[in-house]
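The next block holds one structure in the form of structure tokens; read it before the comments.
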Amino acid sequence: MHELIQHLFAPLLDNELLRQRDDSCRLEISAQSLAFTTDTFVVKPLFFPGGDIGRLAICGTVNDLAMLGAQPIYLSAAFVIEEGLPLEDLRRIVNSIRLASEEASVTIVTADTKVVEKGSADSLFINTSGIGLIPRDIHIAGQNARPGDRVILSGYIGDHGIAVLSQREGLRFQTEIESDCAPLNALVAAMLEVSSEIHALRDPTRGGLATTLNELAAQSEVGIKIDEEAIPVRDSVRAACEMLGYDPLYVANEGKLVAVVAPQVAETMVSRMRHERYGAKAAIIGEVIAGPAGRVLMTTKIGGTRIVDMLASEILPRIC
């Protein structure tokens, strides 16, 4: 995906705004800062423990807006429906969209529906776009990480990817693993109440925590060093990953965020996050270092240091 973007889409569609390369685009219109984003959801299966494609679409778009510090306000929704999709399934998904929108305090103001012949869309694809308002004097971007900053993770990693995989492949574990799919705009708003010294935010979706940290390190031209012991992973997710040969660092999440914040506010920020529903397990997992630029290093549980590379291939396609 990164190579496709870098060598095909970016050169042909290049412009100053697209070069921001964040989860949303920051737009300055009449002295008002807006965040704008779009995403298409093709998850398979449509329903999984802890959510479905409808909840996923709303939460994914809301979170992309929140990663610029924006308060999401309006969303669009477009549905590509394959002939033969049971009406009751569609009703259930649209109801999930309604409930997730209410939870995130956003309004769907425009929509579109297309029906295609059987075999053309694998049941249902959903595209959502969103607009949010960025508070004055908030400038959060992937290029703003600075040496000395602390890296905060909002909670357990890997839940979404393993939940979807278990449903897709019919796997059963001793403890059911549910997707972490959730809107994070209220959590981000609470963080901004503590301090505006949040330099970068990112939700570690496809490619997981490892890929997200590599993207941030490359954008800011810094290094990032994390502590394996500090990264929260559920025992059930860790056991599932060991059984399947996966590394939790590369498994997708849909209700977590990575924050890069000034060192003097990190402890207070984590304390405040832990009082929020979707930040209860927040932890400082590392820091930004001067170099090597674009590299992520990890102190392992046995005391060594290893390079954490960008994900080389998609271990779980159709995950969102």
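We use all heavy atoms of the structure for the numbers below, so side chains are in, but hydrogens, waters and symmetry mates are not. Along the sequence shown, residues are numbered consecutively beginning with 1.
- Under a 3.5 Å cut-off, the side chain of N15 and the backbone N or O of L13 do form a donor-acceptor pair.
- Between T300 and T305 there is no side-chain heavy-atom pair separated by less than 4.5 Å.
- Pairs passing the salt bridge (Lys or Arg N to Asp or Glu O under 4.0 Å) check and including a residue from residues 130-141, sequence neighbours excluded, do not occur.
- A salt bridge links D112 with K114: the distance from a Lys NZ or Arg NE/NH1/NH2 to an Asp or Glu carboxylate oxygen falls below 4.0 Å.
- Remark: E276 CD to S154 OG distance equals 11.5 Å, nearest 0.5 Å.
- In this model, a donor atom of one side chain and an acceptor atom of the other lie less than 3.5 Å apart for N95 and R98.
- Between D52 and K44 there is no salt bridge, since none of the side-chain N atoms of the basic residue sits less than 4.0 Å from a carboxylate O of the acidic one.
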Compile the donor-acceptor pairs under 3.5 Å between side chains in residues 185-197 and protein atoms, sequence neighbours left out, one pair per line.
residue, atom, partner, partner atom, Å
N185, ND2, A104, O, 3.0
S195, OG, E197, N, 2.9
E197, OE1, H199, NE2, 3.1

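- Atom CD of E228 and atom CD1 of I302 lie 8.5 Å apart (nearest 0.5 Å).
- Listed by chain and number, the residues in a side-chain contact (heavy atoms from CB on, under 4.5 Å) with E229 are D227, K301 (sequence neighbours excluded).
- To the nearest 0.5 Å, the span separating CD on Q219 from CG on N214 amounts to 11.5 Å.
- Sorted by first then second residue, the salt bridge (Lys or Arg N to Asp or Glu O under 4.0 Å) pairs that include residues 18-40, not counting sequence neighbours, are D14-R19, D22-R202, D23-R202, R26-E28.
- Counting only distance, with no hydrogens or angles, the side chain of S220 and the backbone of A217 share no donor-acceptor pair below 3.5 Å.
- Residues in residues 142-168 take part in these salt bridge (Lys or Arg N to Asp or Glu O under 4.0 Å) pairs, two or more places apart or across chains: R150-E287, D159-R234.
- Using modelled atom types, no side-chain atom of S76 and backbone atom of A111 make a donor-acceptor pair closer than 3.5 Å.
- Counting only distance, with no hydrogens or angles, the side chain of N63 and the backbone of A182 share a donor-acceptor pair below 3.5 Å.
- The distance from the CG atom of N253 to the NE2 atom of H160 is 8.5 Å, given to the nearest 0.5 Å.
- Linking Ile, Leu, Val, Met, Phe, Trp and Tyr residues whenever their side-chain heavy atoms come within less than 4.5 Å leaves F125 and I53 in two separate clusters.
- With respect to the salt-bridge test (charged N to carboxylate O, under 4.0 angstrom), the residues D180 and K256 qualify.
- Proximity of a side-chain donor or acceptor of T299 to a complementary backbone N or O of G303 within less than 3.5 Å is not detected.
- Here the CE atom belonging to M298 is positioned 10.5 Å from the CG atom belonging to L213, to the nearest 0.5 angstrom.
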* Give the C-alpha distance, both sets of side-chain angles, the deciding distance and a yes or no for side-chain contact (heavy atoms from CB on, under 4.5 Å) between V258 and L201. => CA-CA 6 Å; V258 175; L201 286 171; over 6 Å; no

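- Residues A200 and L216 approach most closely at CB-CD2, 4.1 Å, considering heavy atoms.
- I108 pairs by the side-chain contact (heavy atoms from CB on, under 4.5 Å) definition with I58, L75, A77, I97, S101, not counting sequence neighbours.
- S166 contributes a side-chain N or O that, together with a main-chain N or O of I162, makes up a donor-acceptor pair within less than 3.5 Å.
- One finds the OG1 atom of T211 at 6.5 Å from the OH atom of Y250 (value rounded to the nearest 0.5 Å).
- Between S120 and E82, the shortest heavy-atom distance links the atoms N-OE2, 3.5 Å.
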